[in-house]
Amino acid sequence: MTDDDIARLADSVGLGEVHARYPQLIRAAVERGMTASPALDASRTATTEPAHVLVVRPPAP
Amino acid sequence: MSTLDYLTIADAARLLRASQLSPLELTRHVLARIEALDAHYNAFLTVTADDALAQAAVAEAEIAAGHYRGPMHGIPYGLKDLIDVAGLATTCHSRILADNIAAADAHVVTRLRDAGAILIGKLSLHEFGSGGPTFDLPWSPARNPWNRDLHPGGSSSGAAAAVATGMVPAAIGSDTGGSVRNPATCCGIVGMKPTYGTISRRGVFPLAFSLDHLGPMTRTVEDNAILYQAIAGHDAFDPSSRDVAVADCVATLRDGIKGLRIGVIEHFYTTDAKADDEMTAGIDRAIGVLTELGAHVRTVALPPLAQWAACGRPIIQAESYVVHEAWLKQRPQDYCEISRRKLLAGAFIRAEEYIKALQARTQLSAAFADLMRDYDAVITLSGLELPCRLDDAETIASTYERHVRMPFNITGTPAIAVPTGFSRAGVPVGMQIAGKAFDEPMVYRIAQAYGEAAGWTNHRPSVPVG
């Protein structure tokens with residue numbers, strides 16, 4: 001992602017000023033966040049359940 | 001060395017009940033040891049000496065009058081400094097909350113007051129249970145009792161260091177992705193993350209609400225069970241608290257493990273992620289001990305470790321960002337660099353990713369429950385690496401990306417970290433014993449049998465005095 005992309009993304013979540021102060025940190029946070037979905041999608045290939053069937057249960061066992 | 005230095009809760013309770021030891025004597029001893037040692041280990045943020053002595057005087061009078069409350073009566077303990085005590089600061093080891101005076105006791109503190117335990121002070125941690133160890137905060141990070149140059153594990157670092165050095169016999173930590181079990185392993189003590197909802201979190205500063213657990217940290221398994229028994233139970237004012245009868249974990253401690261079925265989740269630390277050979281040697285020795293004690297030990301399989309990590313990470317990031325969003329925007333400079341890096345990542349977790357993670361959590365929990373239909377407990381490693389240098393931020397960060405503790409935060413089921421020996425360099429190694437939801441008695445029973453047979457909890461670090 002370009003620096004401008006990162007800046008726009010930071011602005012969109014109200015972190016524009018934080019980005020101005022810590023640009024590398026925000027870039028790292030964006031890149032870290034971007035890994036979440038592919039990792040979860042990779043996990044999902046292990047199941048035959050389509051997404052609309054998967055349910056979320058409360059955290060307590 | 002004084003006979004009081006490493007007195008267990010169980011032994012102290014017997015002496016206190018028989019009036020062969022005074023709560024004041026024990027409390028004065030503990031306070032003197034903290035005075036002598038803590039500058040070397042940075043375990044305490046606050047020592048409440050006057051209050052502790054006042055509580056000890058009350059306990060002494062009560063026991064002398066025949067009003068013995070139980071095995072925590074007169075026992076000193078410490079609290080990770082994200083747990084509220086009325087009138088004391090709950091700093092979370094952060095500038096953000098440096099002046100945050102608690103208005104009321106956390107439920108767990110109330111339980112321990114009712115049990116007659118003596119609060120000694122508040123213990124250091126990674127900032128908010130996330131950012132650390134670090135040297136860019138007002139308080140220095142805790143150090144490893146076995147080698148002060150090494151990381152003691154986190155985030156309940158001070159709790160583990162204080163217990164391992166005999167500054168207190170017991171502490172309460174918190175565990176969102178291993179923060180009780182990791183320092184317990186690094187410091188060679190016993191740390192329990194019980195079933196989600198068994199210990200109230202009212203009055204405890206959250207990291208990620210659906211993964212947060214409180215847990216007891218002690219030098220022996222028996223002490224851990226005693227402390228757990230004192231603090232577990234329903235709290236109507238904590239929405240996550242479960243109204244389930246607390247089974248007696250102490251009564252069944254010495255029932256033995258002959259015939260029990262124990263699975264070994266070996267792929268977590270061999271093929272999914274390669275553990276340090278000395279860590280693996282420790283659990284291999286433990287498998288031998290469990291087998292000799294009569295357990296049926298079999299290798300078992302769960303979904304790969306990467307799936308558990310992929311599930312847990314966005315949940316922690318999203319839930320913790322909600323807690324910190326306003327402060328991160330208004331005063332980011334007041335966080336340590338590690339906290340800023342970890343917490344800001346939550347700003348970029350999208351709703352669909354959080355929901356996908358919760359879906360994955362359902363599947364993973366179901367896989368664990370399926371496995372546990374055929375087993376009484378499972379074992380696996382706790383950490384994959386030996387503790388590294390305290391000032392090696394890069395290596396420490398990598399160890400928090402690579403560990404075997406998150407699965408049991410995701411399932412919410414009990415897991416205890418116990419020592420399995422020492423590396424060639426004299427650093428503790430350890431493993432986890434994990435059980436079914438609400439089956440803490442089984443987890444403690446196996447840990448006790450293993451601990452008694454292996455004897456690793458009897459080893460003590462070399463400290464500058466005492």
Side-chain angles (χ1 to χ4, degrees), chain A, chain B residues 195-197 209-212 240-242 244 303-304 306-311 313-315 317-318 321 325 328-330 332-333 337 340-350 352-369 409-414 436-438:
Chain A
M1 295 179 90
T2 68
D3 289 345
D4 284 347
D5 291 337
I6 300 282
R8 272 193 294 276
L9 203 50
D11 268 340
S12 73
V13 294
L15 287 169
E17 289 180 27
V18 180
H19 173 256
R21 189 168 188 169
Y22 304 105
Q24 292 309 315
L25 208 60
I26 292 294
R27 171 174 282 280
V30 169
E31 289 172 352
R32 196 175 163 89
M34 284 170 62
T35 65
S37 205
L40 286 161
D41 288 342
S43 296
R44 181 174 287 171
T45 61
T47 177
T48 54
E49 302 265 33
H52 69 275
V53 174
L54 291 171
V55 294
V56 171
R57 58 163 210 151
Chain B
T195 305
Y196 186 86
F209 78 92
S210 77
L211 297 168
D212 289 342
S240 70
S241 178
R242 296 294 301 274
V244 174
Q307 288 189 24
W308 300 86
C311 169
R313 191 177 302 124
I315 295 175
Q317 289 171 340
Y321 185 71
E325 179 179 7
L328 284 166
K329 288 176 176 174
Q330 292 158 10
Q333 72 283 358
E337 189 276 337
R340 278 196 298 271
R341 173 168 51 80
K342 285 185 164 180
L343 295 171
L344 279 168
F348 304 100
I349 297 293
R350 294 175 301 162
E352 60 263 43
E353 288 156 352
Y354 181 68
I355 299 297
K356 281 182 189 176
L358 296 183
Q359 290 175 328
R361 182 179 201 168
T362 304
Q363 291 181 296
L364 292 168
S365 297
F368 183 72
N409 295 82
I410 288 171
T411 57
T413 48
K436 299 169 186 167
F438 304 107

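Of the two parts of L328(B), only the backbone, made up of N, CA, C and O, holds a non-hydrogen atom closer than 4.5 Å to a non-hydrogen atom of chain A. With a 4.5 angstrom heavy-atom cutoff, Q317(B) touches chain A only via side-chain atoms. Contact of R313(B) with chain A is made through the side chain alone, with heavy-atom distances under 4.5 Å.
Chain A forms the most heavy-atom pairs under 4.5 Å with one residue out of A310(B), A369(B), P303(B), A309(B), and that residue is A310(B). Heavy-atom pairs under 4.5 Å with chain A peak, among K436(B), K342(B), Q333(B), at Q333(B). Contact tally against chain A (heavy-atom pairs below 4.5 Å) for A345(B), C311(B), A347(B): the top residue is A345(B).
For residues 6-13 of chain A, the interface with chain B (any heavy-atom pair closer than 4.5 Å) comprises L9(A), A10(A), V13(A), sorted by residue number. The contact list for residues 16-24 of chain A toward chain B, using heavy atoms and a distance under 4.5 Å, reads V18(A), R21(A), Y22(A) by residue number.
In this structure, the separation between CG on L344(B) and CZ on R27(A) is 15.0 Å, given to the nearest 0.5 Å. Taken from CD in E337(B) to CG in L25(A), the straight-line distance is 6.0 Å, to the nearest 0.5 Å.
P314(B) approaches L40(A) most closely through the heavy-atom pair CG-CD1, 4.0 Å. K329(B) approaches G14(A) most closely through the heavy-atom pair CE-O, 3.4 Å.
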